[in-house]
Each structure stands twice: as structure tokens, then as C-alpha cells.
There are 2 protein chains.
Amino acid sequence: MRESNVKDKILDVASRLFYDQGYNLTGINQIIEEADIARASLYNHFDSKTDLLLAYLEQTHHRWFEEMDEFLRQIPGPREKLLAMFDYRIHRQQKVKYKGCHFSKISAEASQHEIKVFALVRVHKERLKNYISHLVHQVEHKGTLDDELLIDTIFLLQEGGIATGSVYRNSQALKNAKRIVETLL
Amino acid sequence: MRESNVKDKILDVASRLFYDQGYNLTGINQIIEEADIARASLYNHFDSKTDLLLAYLEQTHHRWFEEMDEFLRQIPGPREKLLAMFDYRIHRQQKVKYKGCHFSKISAEASQHEIKVFALVRVHKERLKNYISHLVHQVEHKGTLDDELLIDTIFLLQEGGIATGSVYRNSQALKNAKRIVETLL
DNA sequence: GTCTATAAGATGATAGAC
DNA sequence: GTCTATCATCTTATAGAC
């Protein structure tokens, strides 16, 4: 097996377990067992468990936006794209079985001292809000809310919708959030 | 020390640590040390760490709504009460140093098998939404959104606002959320 | 009801052979 | 680069004395 394949395998298994079980409930032992590699092999590719966590967050961040770009590529205008963002999040929510936002989840259980982790969470949320901001400035909307408040509305409805979906294990909140934005746009 | 005082002391210390450090990062050892009680004393009052977690969630739930009732008691009408709910959450957010919703935080790190924990989280969120629902049905609003969508908007803006506040460690999102609701009401 | 001592297992990380 | 063996520490929980 090529070197990179071992590293990828470790990261794949760790990513799945970190999200499904939680970071703190996932031990190094389980990762090496399910990845079927030696204990020292893990520490050859990653300095520590925290290092593995950072790699997980970075990969998840990049894939998240790659998939969204792909999802929205065919959608024509900014209004349609803003609404399709909700479809993307509903689609993704179903794919990950309603366990919530990867970044919010880690943010909730990480030690306060791991400042690099929180920095990555902020980067992710910031980029999402910038994406929404870009589209809102392009769209000709009703003007019930001004641009800045509309950006916040769309962002917060998505964040609230994902959080609520993880509590009820369904997409109802996000579907309602989409209808709200449809009415306001 | 009276029996109940020991039990209260354990629960107080555990509550503080569960929220500040996270449930999984808080060990029984630290709880007994900071509460200054014997190891077996804890197990005399609580069957297990999970039992302690459930007691923490129940107490937090009751106090949360007690404090909100107190906060909103003087506020005159339903419109003002709906807006003051945001003030309550901002006030509370500052008090707990922006570490997010107690229930969402536990929901994010608890094992999927602890179904009683998730049931309590749903109870808490459900009661909050019912409270909002009650007020919205009383208020005479603009009608930009119908009652049901307005209830979801207010609920999701609060949930998103708290989550976002825990990422940025400030109240900006909740303050903007309040302005949005002011515009829509 | 509270105490100390201890159990049995899991934790993250390292040493040294190949 | 991968391996096995091992470390010191921490985990939740229980036994038995007072």
C-alpha cells in the first residue's frame, strides 16, 4: 500500500468516527483497529490526536464547499442559488443522517484550549456567510429587509435549521426555513 | 452537612464542569475533588455519571424557563415579550460566557445510545417553540409571514443566533436577529 | 451517609525491532 | 514506513470499614 493510501485510510476512518461517535468518544485504539494499521503508523503520519482532528476539519471544509459549488453549478440566477443552498443543506443533512454541522459539533465538544480548532470553525462559518452575502448583493429582492439583515436572516435560518434538524432527526426546520426565505426574497 | 446539601453540591460542581469543559472531558475524579466529597458519596446520590448528566439537564431546563418567566414578567404585550426574549437570550449568553446552548452542546457530544438525554433536549426545544407560538398567536403583526412561518423564523433565528454567538464569542448575531424580528413583526 | 482503597479497563503516546 | 510491546495515566464504578 502506498504511503499516501495509509494516511488517507487513517483520515477516512477517523473522520467517520469523529462525526458519528464524537471526537472525545473516539479513541486512538478504535481508529487503528478499524483502519487496520499499526499504532505507530498513525503517529508516523499524524503528530497527535489533535493533529488528526485538524486534518479532518480542513478536509471536511474543502469538500463541503466543493460539493456545494458542484450542487449549485447548474442553477441559473442568484435568487435560485440562494434557495438551492437550502436544498444542498437538506441533501447533505440526509446524507450524514441528521447528526448536525461537522464544525458546530466539534466546537461544542472540543477543549477551550484548542484554539486552532475554533479558528477553523470560524473560517468555515465565515466563508459560508460570505457566499450568502455575495449572492444577496446580486439579487433584486423585495426589500422587506435591507441587504445586511437579509444576509443574517439567511445565514441564521440555515444554522438554526441544521441545529434543529439534528435534534429532531429530520429536515422539517430547513424546509420551513427555505419557505421563509422564498417569502422574503 | 445535611444530605441534600451534599447532593446539591455535587450537582452544582458537575453542572459547572459539564458546561465549561464539556461532559466527556469531565471525569468523576475532578467532580469529587472540586466538590470536596468522597468518591462513594457521589455514587450514593447518583447511580452513574449518566444519571448525573440527566439531573443536570433537568435542573438546567427548569431554571432556564424560571429565569425567562422572571425576565419577561414586567414586559407588557406579546410583541414586546417576543422582542424581550432576545434580550433574555443575550443576557444569558453573556452570563455563561458565550459557550452556547446547554442542551445543544450536550446533544453534540453525547453518545447516540443515550436516548434519555436526547429526549430531554427535545423537551427543552419543544417548550421554547411552544412559548414563541403562544405569543405569536396573540400578537397583531404585519403579516409579511403567516403565523406558522413567523413562529419558525423567531425560533430558528434564536437557535442560529446562539450557535453563531458561541463561535464568535459575542452577541452580534442575536442582536441582528432581534432587529430582523422587529422588522417582521 | 461518608469514607479510603482498589478494581478492571481504556486512554494517548513512545521505544526499539525489522 | 510499518510493526509489536509497553508506558504512565486516567476512566467509571464497587467493596468494605466506620
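Sequence lines set the chain letters: A, B, ... in the order given, protein chains first and strands last, and positions in each chain run from 1. All values reported here derive from a predicted model rather than from experimental measurement.
With sequence neighbours left out, A:Asp87 forms a salt bridge (charged side-chain N to carboxylate O under 4.0 Å, His left out) with A:Lys178. A search for ring-ring contact (aromatic ring centres under 6.0 Å, His included) contacts involving A:His91 returns A:Phe71, not counting sequence neighbours. Every side-chain contact (heavy atoms from CB on, under 4.5 Å) that B:Ser171 has, sequence neighbours left out, goes to B:Ile90, B:Gln93, B:Gln94, B:Tyr98, B:Lys175. Residues passing the ring-ring contact (aromatic ring centres under 6.0 Å, His included) test with A:Phe103 are A:His124, sequence neighbours excluded. For the side-chain contact (heavy atoms from CB on, under 4.5 Å) test, no residue two or more places apart in sequence or in another chain qualifies with B:Ala163. For B:His137, the side-chain contact (heavy atoms from CB on, under 4.5 Å) partners at least two apart in sequence or on another chain are B:Ser133, B:Asp147, B:Glu148, B:Ile151.
The CD1 atom of A:Ile28 sits 16 Å away from the C1' atom of D:dT6 (whole-angstrom rounding). The distance from atom NE2 of B:His45 to atom C1' of C:dT2 is 9 Å, rounded to the nearest whole Å. For the pair A:Phe46 CZ and C:dT14 C1', the computed distance is 18 Å after rounding to whole Å.
For A:Lys49, the side-chain atoms get nearest to C:dG12 when compared with the rest of C:dT2, D:dT2, C:dG12. The A:Ile37 side chain lies nearest to D:dC3 when the options are D:dT2, C:dC3, D:dC3. Closest to the side chain of A:Ser41, from the set C:dT2, D:dC3, D:dG1, is D:dC3.
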Short heteroatom pairs, N/O only, protein and nucleotides 14-16 of chain D, under 3.5 Å:
none

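Residues from residues 16-26 of chain A placing a heavy atom under 4.0 Å of any atom in DNA chain D do not occur. Contacts of residues 105-119 of chain B with DNA chain C (heavy atom under 4.0 Å): none.
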Let me have the donor-acceptor pairs involving side chains of residues 12-21 of chain B, under 3.5 Å, with sequence neighbours excluded, atom names and distances please.
unit_1	atom_1	unit_2	atom_2	d
B:Ser15	OG	B:Leu11	O	2.6
B:Arg16	NH1	B:Glu34	OE1	3.4
B:Arg16	NH2	B:Glu34	OE1	2.8
B:Tyr19	OH	B:Lys99	N	3.4
B:Tyr19	OH	B:Gly100	N	3.2
B:Tyr19	OH	B:Gly100	O	2.6
B:Gln21	OE1	B:Thr26	OG1	3.2

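Residue pairs satisfying the side-chain hydrogen bond (donor to acceptor under 3.5 Å, both in side chains) criterion with at least one member in residues 71-82 of chain B, sequence neighbours excluded, are listed as follows: B:Glu70-B:Arg73. For residues 141-175 of chain A, no pair satisfies ring pair (Phe, Tyr, Trp, His ring centres under 6.0 Å), with sequence neighbours left out.
Phosphate proximity of D:dT12 to B:Asn29: absent, as no side-chain N or O sits under 4.0 Å from OP1 or OP2.
Closest-nucleotide positions on DNA chain C for B:Ala38 and A:Ser48 were compared, and the one nearer the 5' end corresponds to B:Ala38.
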